[in-house]
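Worth knowing before you read on, the calculation uses all heavy atoms, side chains too, and leaves out hydrogens, waters and symmetry mates.
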Amino acid sequence: MNKNGKIYVVGIGPGDKKHMTFKAVEAIEKSDIVIGYKKYIELIEDMIDSKKIVSSQMKKEVERCEKTLEYAEDGKVVALVSSGDAGVYGMAGIMIEVLLKKNSTVDIEVIPGVSAANASAACVGAPIMHDFATISLSDLLTDWSLIEKRIHCAGEGDFVITIYNPRSKKRQEQIVISREILLNYKSKSTPVAIVRNAKREDEEIVLTDLEHMLDHNIDMFTTLIIGNSKSYIKGGKMVTPRGYRI
């Protein structure tokens with residue numbers, strides 16, 4: 001059918017409406033149906049009103065995209081929501097791949113959002129002011145050997161490193177191994193920010209260093225920011241200098 005059907009892939013940011021873009025709010029308001037992971041739907045349910053909601057659990061990403069396309073092909077305007085930025089470990093890539101595989105002509109628009117890296121950085125100061133790398137420790141879709149290689153490269157390049165998905169109930173050792181790798185390239189005193197539930201009501205922040213970071217609570221709701229050789233913590237803020245003369 002595909003008569004005026006459309007897909008918005010919406011990055012809803014950290015989850016608080018105050019940190020969503022105007023465009024993201026507008027896309028949800030324009031949509032007939034909102035689709036997403038159950039937890040993300042809960043974060044924005046006060047905005048959805050009487051719209052049709054389709055939610056599902058983790059590991060159902062492809063199915064969500066296929067259902068989104070099915071509704072859009074039937075002429076519906078659909079918001080496929082993703083936390084943070086939909087294009088950073090989010091739903092944008094999968095949705096576009098499904099669209100291309102099906103040779104669909106449905107209109108699709110990706111709405112950017114505040115990523116976990118940006119939200120966490122804002123919580124603690126300005127730790128990603130210089131070159132930084134973002135690495136997910138989830139080996140569900142990426143071989144661990146490749147993730148290890150990327151950690152080595154980021155450490156050797158003296159990047160600030162933002163780590164997503166650092167630890168889960170089943171995946172406990174990857175963050176330990178990652179720290180051991182980085183100690184080959186970074187000082188034990190390298191600043192580390194541990195931010196849990198960034199920009200949400202139950203936000204938790206710890207400023208520590210590479211030597212002691214594993215002494216603190218780290219789980220799937222946590223983002224780590226590991227500084228470079230110039231990063232420092234002072235006055236409760238973590239800063240990575242850009243190089244300006246002050």
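The backbone N or O of R179 sits nowhere less than 3.5 Å from a side-chain atom of K186 that would complete a donor-acceptor pair. For the pair D85 (side chain) and G113 (backbone), a donor-acceptor distance under 3.5 Å is present.
Surrounding CD of E156 are at most 12 heavy atoms belonging to other residues, nucleotides or ligands under 6.0 Å away. With a 6.0 Å radius and a threshold of 12 heavy atoms from other residues, nucleotides or ligands, K51 has its NZ atom above the threshold. The number of heavy-atom neighbours closer than 6.0 Å to CD of E201, taken from other residues, nucleotides and ligands shown, is 12 or below.
Screening residues 213-227 for salt bridge (Lys or Arg N to Asp or Glu O under 4.0 Å), with sequence neighbours left out, gives R196-D219. Within the structure, side chain to side chain donor-acceptor pair (under 3.5 Å) pairs that include any residue of residues 113-123 comprise S115-N118 (at least two apart or interchain). Residue pairs meeting the salt bridge (Lys or Arg N to Asp or Glu O under 4.0 Å) criterion with at least one partner in residues 160-177, sequence neighbours excluded, do not occur; the list is empty. Pairs passing the salt bridge (Lys or Arg N to Asp or Glu O under 4.0 Å) check and including a residue from residues 20-30, sequence neighbours excluded, read K23-E26, K23-E109, E26-K30.
Contact check for I151 versus I161: no side-chain heavy atoms found under the 4.5 Å cut-off. Residues S56 and E63 have side chains not in contact (no heavy-atom distance under 4.5 Å, counting atoms from C-beta outward). M20 has its side chain within reach of I28: a pair of non-hydrogen atoms, C-beta onward, lies under 4.5 Å apart. In this structure the side chain of P112 never reaches within 4.5 angstrom of the side chain of T21, judged on heavy atoms. V106 is not listed as a side-chain neighbour of I108, based on a closest heavy-atom distance of 4.5 Å or more.
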Before you tell me yes or no, could you show the steps for M47 and K17 under side-chain contact (heavy atoms from CB on, under 4.5 Å), namely the whole-Å CA-CA distance, both residues' side-chain angles and the distance that decides it to 0.1 Å?
CA-CA 9 Å; M47 300 171 52; K17 186 176 178 179; 4.0 Å; yes

Going through the distances and angles, do V206 and N217 end up as a side-chain contact (heavy atoms from CB on, under 4.5 Å)?
CA-CA 9 Å; V206 173; N217 180 36; over 6 Å; no

When you look at V78 and S31, which way does the side-chain contact (heavy atoms from CB on, under 4.5 Å) test go after all the steps?
CA-CA 5 Å; V78 188; S31 298; 5.9 Å; no

Show, in sequence, the C-alpha distance, side-chain angles and deciding distance for R64 and I94, and conclude whether the side-chain contact (heavy atoms from CB on, under 4.5 Å) test is met.
CA-CA 10 Å; R64 283 202 291 275; I94 315 169; over 6 Å; no

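Across I12 and I44, no two heavy atoms sit closer than the pair CD1-CG2, 3.9 Å. Nearest heavy-atom pair, M91 versus S82, reported as atom, atom and distance to 0.1 Å: N-OG, 3.3 Å. Contact record, H212 with T208: CB-OG1, 3.5 Å, taken as the closest heavy-atom pair. Looking at every heavy atom in both residues, I218 comes nearest to P166 through CG2-CG, 3.5 Å. Closest of all the heavy-atom pairs between I194 and L224 is CG1-CD2, 3.5 Å.
Side chains of S138 and S136: no donor on one and acceptor on the other come within 3.5 Å.
Both V110 and V98 belong to a single network of hydrophobic side chains, linked directly or stepwise wherever heavy atoms of I, L, V, M, F, W or Y lie under 4.5 Å apart. One hydrophobic cluster holds both I226 and I135 under the rule that ILVMFWY side chains link at heavy-atom gaps under 4.5 Å.
Listed by chain and residue number, K67 satisfy the side-chain contact (heavy atoms from CB on, under 4.5 Å) test with E70 (two or more places apart in sequence, or in another chain). With sequence neighbours excluded, the residues forming a ring pair (Phe, Tyr, Trp, His ring centres under 6.0 Å) with H152 are Y185, listed by chain and number. Here Y164 pairs with Y89 under the ring pair (Phe, Tyr, Trp, His ring centres under 6.0 Å) rule; sequence neighbours left out. With sequence neighbours excluded, no residue forms a side-chain hydrogen bond (donor to acceptor under 3.5 Å, both in side chains) with T223. Residues satisfying the side-chain hydrogen bond (donor to acceptor under 3.5 Å, both in side chains) test with D32, not counting sequence neighbours, are none. Applying the side-chain hydrogen bond (donor to acceptor under 3.5 Å, both in side chains) criterion to S168, with sequence neighbours excluded, gives no partner residue.
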Side-chain donor-acceptor contacts of residues 139-148 below 3.5 Å, not counting sequence neighbours, with atom names and distances?
unit_1, atom_1, unit_2, atom_2, d
D139, OD2, Q174, NE2, 3.2
W144, NE1, E148, OE2, 3.2

Under 3.5 Å, which donor-acceptor pairs link side chains of residues 238-246 to any protein atom two or more places apart or in another chain?
unit_1, atom_1, unit_2, atom_2, d
T240, OG1, P127, O, 2.6
T240, OG1, S231, OG, 2.7

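Atom CD1 of I7 sits about 10.5 Å away from atom CD1 of I33, to the nearest 0.5 Å.
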